[in-house]
Amino acid sequence: MVDVVQPDPNSLQLPGDNLSAPSSPATARNDCSITPLTPSPSPRVEVRPRMSCPFSVVVAIDFGTTSSGYAFSFTQDSEAIHMMKRWEGGDPGVANQKSPTCLLLTPDLRFHSFGFAARDFYHDLDPEEARHWLYFDKFKMKIHSTSDLTMETELEAVNGRRVRAIEVFAHALHFFREHALKEVKDQSSSVLEGEEIRWVITVPAVWRQPAKQFMREAAYLAGLVSPDCPEQLLIALEPEAASIYCRKLRLHQVIDLSLQPITNGLDLEGSRPFDSSFRQAREQLRRSRHSRTFLVESGTGELWSELQTGDRYVVADCGGGTVDLTVHQIEQPQGTLKELYKASGGPYGAVGVDLAFEAMLCQIFGNGQRRQGRANALNISLPFSFIDYYKRHRGQSVEAALRRSNMNIVKWSSQGMLRLTQEAMNELFQPTIINIVKHIEELMVKPEVRGVRFLFLVGGFAESPMLQKAVQRALGRTCRIIIPHDVGLTILKGAVLFGLDPTVVRVRRCPLTYGVGVLNRFVEGRHPRDKLLIKEGREWCTDILDRFVSVDQSVALGEVVKRSYTPARLGQRKIIINIYCSTTDDVTYISDPGVRKCGTITLDLPEPLPLPGAVGGAGAGGGPERREIRATMQFGDTEIKVTAVDVMSNRSVRASIDFLSN
C-alpha cells in the first residue's frame, strides 16, 4: 500500500450552481488536492467487459475457523476436483481432508508447524517448555471481531505473547502454498510456472472490505501471488462458493430432510427415531473421505430441473466461527446466479458449543484447567496429562471433583470417561442452534426472500444431527431442506468452481452504502447552518455524501461507477480521496450517525506528457491545461476494485483502494 496522506475530510468539491445529486467531486479546504471539473450525472454506471486470464490450474484454500483444507482442478480437466488429505499427524486410520486451523511458532517466532502436527507437538511439550512456544488456535475469529483492523493488528498466543496478525495468517497460507504446490506438481504432466496457478481463498460473506483486503495482503506476504498480479488471486465468499457447488448436485448426492417429516424427534407414526437419514449422510461422508477426486456435472445438476425461472433458494453456511446466509436465484438457461438479498449472518458457529463445553469443565474442575479432549457421541475422553496434573495440583481425582460439583447431567463412566447425558448435550448445543434457527427464520420472512423453494445446509456444523433436526422442525414445512453428502467440503469444492469461472455469480447485492464527502452550493433553508463553509467569497455546504452505491443495491458483474478528478496544483503527484460507508441508505452527510470513514482511494499521477507543438511543457502559451484523471470503481465483484486513466494521454494511472489504514 502507498503511504496515505490524510487530507481534510471534506476535500472534495462540486462546481457551480448545479444543485442536483453531487458529482465530479473536488477539493475545497486548506489541503486542496483536487479542483472541480464540469459536472456529470451521478452515479454514472457503465458496463465494462471482463477480461479472462489463462491459468493451468486453480487451487482453492478453505481457511476455516476450526478446520482448513485445499483442493485443486486443472483447467483442461475442470470436471475433476482433487482433494488433499495427506496431512501430517491426525488420528490413525482417519482420512482427513481438512486440518485443524492451529499454528505453532518457535520461541524465536519462526514457523514450526500447522494443523495436526502443530496441535500434537504442542500438546506433547512439557508444560514448562510449552510456555515459550507460541500456539494459535481459532485465530480467524479475531479478524471478524476486530472493528479497527489494520496491518498492525496483533494476535495473542496461548502463552500471552503477541504477534502481528498478518504474519500469523501469512505463515498459515505459506504452509498451504507449499503443500499444494507439491501435490499439484506430483499430478501434473508438465512443469508449471507460478503465474499459471490461480489461487482462491474463502472468507465469510459477512466480512467487510478491511477483512477481505487483510486476507489478500496476507496472501501477498505468504508468496501465493505477487501484488503486481492481483488477478491471480480471488477472494471467494463462503456461502456463495457453496451455492456454486450446489448447482452441480445430483439427487443421489443429497439428503432431503423434507422427505422425512418428524414430530418431536420421531416420524409421524412415532415408531422410530428420526436418525436413518443422518446415519446415511454420515456413512456417505465416511466413504467420500477415502476418495481423492470428485467429479462434477458439466452443466447444472438434475436437482435444478425442478426449479422454474425466478425460483429462489437460501444457502446457510454453518461453520466453526460464523453462520453465513445468502439468497440466490438461478438464471436459466445459462445457469448463472443472481444474489437477491445482501449477505447476512453472525458469530453463531460451532465454536459456541466448544465455549459452552469449556465453561462446563471450568464449573466442574475450576478455572485454568482447560485442556483439549476428544469427543465421541456422549463419551468424553480426558487426556491422561490432565487427569495426572489435576490430581497432583488439586489433591483429588477428577471423579471426586465431578461428584463434588453436583452437576448431575455429567457422569464419570467406569471406562474412565466423562459421560454427558442428553440433557447435557442439549445444554451445550441449544444456545448456538437457537441463534442459527432464529437468524434463518428472520431472513425467510423478508419480502425479497419469501417463496424460497430450497434451503441448503452446508459447512462443518451442518453435520450435526441436532442442528439438522432443529432446522427441519422449524422450516421443513415451508421449504425443502437439502444437505449435500459431503457437507463439510461443499465450500471448498465451490471455491474451485468459482476459480474456474468467476463470472458464475452475475449479480450481487451491495452490503453497505459507499461514497465520498463533497461540497455543494449552500442553499439557505435546505442545508443546516453548521455545514456552511465560505471560501473565496462563495458559500458551500460541507460533508455531503456523494453515493457510489447504496446498501442492498443490485450490482451486475462488470458494472462500474466513474468519477473524474483533477489535480489542484501543477506538479502534484498524488490524489487521495476518503471513502465513507453506512449500513443504511438514509444518510445525507458523512457526519450522520452510522457513517464512518472506511478507506481511501489513492491515484498516483505520472509526469504529464507535453502537448504536441507546445514549447516549455503542457499548456505553454495558452495557460495550464486542466488535467482529468478518470477513476473507475467496480462493486460487482467480491472485492471493491479501482482503476484510473489520465484522459489527456490515455495512460493508466496507478490506483489503489485501501481499507486497512484508518
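- The heavy-atom pair separating Ile81 from Ala71 by the smallest distance is CG2-CB, 4.0 Å.
- Checking side-chain atoms of Gln468 against main-chain N and O of Ala462 turns up a donor-acceptor pair under 3.5 Å.
- Counting only distance, with no hydrogens or angles, the side chain of Lys212 and the backbone of Val203 share no donor-acceptor pair below 3.5 Å.
- With sequence neighbours left out, the salt bridge (charged side-chain N to carboxylate O under 4.0 Å, His left out) criterion links Asp77 to no other residue.
- Side chains of Thr600 and Asp658: a donor-acceptor N/O pair is absent below 3.5 angstrom, by distance only.
- With hydrogens and angles ignored, the 3.5 Å screen pairs a side-chain donor or acceptor of Lys98 with a backbone N or O of Gly488.
- Looking at heavy atoms from C-beta onward, Val458 lies out of side-chain contact with Tyr245 at the 4.5 angstrom threshold.
- Between Ile436 and Phe461 the shortest side-chain heavy-atom distance falls below 4.5 Å.
- Side-chain contact between Ile255 and His485 is present, with at least one heavy-atom pair separated by less than 4.5 Å.
- The side chain to side chain donor-acceptor pair (under 3.5 Å) search around Ser73 returns none, not counting sequence neighbours.
- Proximity of a side-chain donor or acceptor of Asp137 to a complementary backbone N or O of Cys102 within less than 3.5 Å is not detected.
- Proximity of a side-chain donor or acceptor of Arg198 to a complementary backbone N or O of Glu231 within less than 3.5 Å is detected.
- Between atom NZ of residue Lys140 and atom OG1 of residue Thr101 there is a gap of 8.0 Å, rounded to the nearest 0.5 Å.
- Shown here are the side-chain contact (heavy atoms from CB on, under 4.5 Å) partners of Gln76, two or more places apart in sequence or in another chain: there are none.
- Distance alone, capped at 3.5 Å, places no donor-acceptor pair between the Thr65 side chain and the Lys138 backbone.
- For His174, the ring-ring contact (aromatic ring centres under 6.0 Å, His included) criterion is met by no residue, not counting sequence neighbours.
- For residues 211-230, the ring pair (Phe, Tyr, Trp, His ring centres under 6.0 Å) pairs, not counting sequence neighbours, are Phe169-Phe214.
- In this structure, the side chains of Arg119 and Leu104 stay at 4.5 Å or more apart for every pair of heavy atoms.
- Side-chain contact between His439 and Val323 is absent, with no heavy-atom pair separated by less than 4.5 Å.
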Worked verdict on Val315 versus His328 for side chain to side chain contact (heavy atoms under 4.5 Å, CB included): CA-CA 8 Å; Val315 175; His328 276 164; 5.6 Å; no
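- Considering only residues two or more places apart in sequence or on other chains, Glu427 meets the side chain to side chain donor-acceptor pair (under 3.5 Å) condition with none of them.
- In this structure, Phe111 and Phe175 have tilted ring planes: the angle between them lies in the 30° to 60° band.
- By the side chain to side chain donor-acceptor pair (under 3.5 Å) test, Glu167 is found to be paired with Arg164, residues two or more places apart in sequence or in another chain being considered.
- Glu463 CD to Leu457 CG: the interatomic distance, rounded to the nearest 0.5 Å, is 12.0 Å.
- Every residue two or more places apart in sequence or in another chain that forms a side-chain contact (heavy atoms from CB on, under 4.5 Å) with Thr146 is listed here: Lys142, Asp148, Leu149, Thr153.
- Between Tyr135 and Tyr122, the two ring planes are parallel [angle under 30°; tilted spans 30° to 60°].
- Residues Ala222 and Arg177 come closest through the heavy atom pair O-CD, 3.8 Å.
- Using cut-offs of 30° and 60° for the angle between ring planes, the Phe72 and His82 rings count as parallel.
- With values rounded to the nearest 0.5 angstrom, Glu154 atom CD is found 13.0 Å from Ile166 atom CD1.
- The backbone N or O of Arg509 lies less than 3.5 Å from a partner atom in the side chain of Glu339, making a donor-acceptor pair.
- Rounding to the nearest 0.5 Å gives a distance of 13.0 Å between CZ of Phe635 and NZ of Lys641.
- Asp324 places a side-chain N or O within donor-acceptor distance of the main-chain N or O of Ala205, the cut-off being under 3.5 Å.
- For Asp228, the side-chain contact (heavy atoms from CB on, under 4.5 Å) partners two or more places apart in sequence, or in a different chain, are Ser226.
- Residues meeting the ring-ring contact (aromatic ring centres under 6.0 Å, His included) test with Phe429, sequence neighbours left out: none.
- Contact check for Gln213 versus Ile657: no side-chain heavy atoms found under the 4.5 Å cut-off.
- Remark: Arg208 engages Pro210, Leu512, Thr583, Arg596 in a side-chain contact (heavy atoms from CB on, under 4.5 Å) (not counting sequence neighbours).
- Residue pairs meeting the salt bridge (charged side-chain N to carboxylate O under 4.0 Å, His left out) criterion with at least one member in residues 102-112, sequence neighbours excluded, are Asp108-Arg110.
- Considering only heavy atoms from C-beta on, Phe55 comes within 4.5 Å of Gln232 through its side chain.
- If you take CD1 on Ile61 and NE2 on His179, they are separated by 11.5 Å, rounding to the nearest 0.5 Å.
- Counting heavy atoms from C-beta on, the side chains of Leu237 and Thr326 never come closer than 4.5 Å.
- In this structure, OG1 in Thr202 is found 4.5 Å from CD in Glu238, a value given to the nearest 0.5 Å.
- Judged by distance alone, the side chain of Arg216 and the main-chain N or O of Pro230 form a donor-acceptor pair under 3.5 Å.
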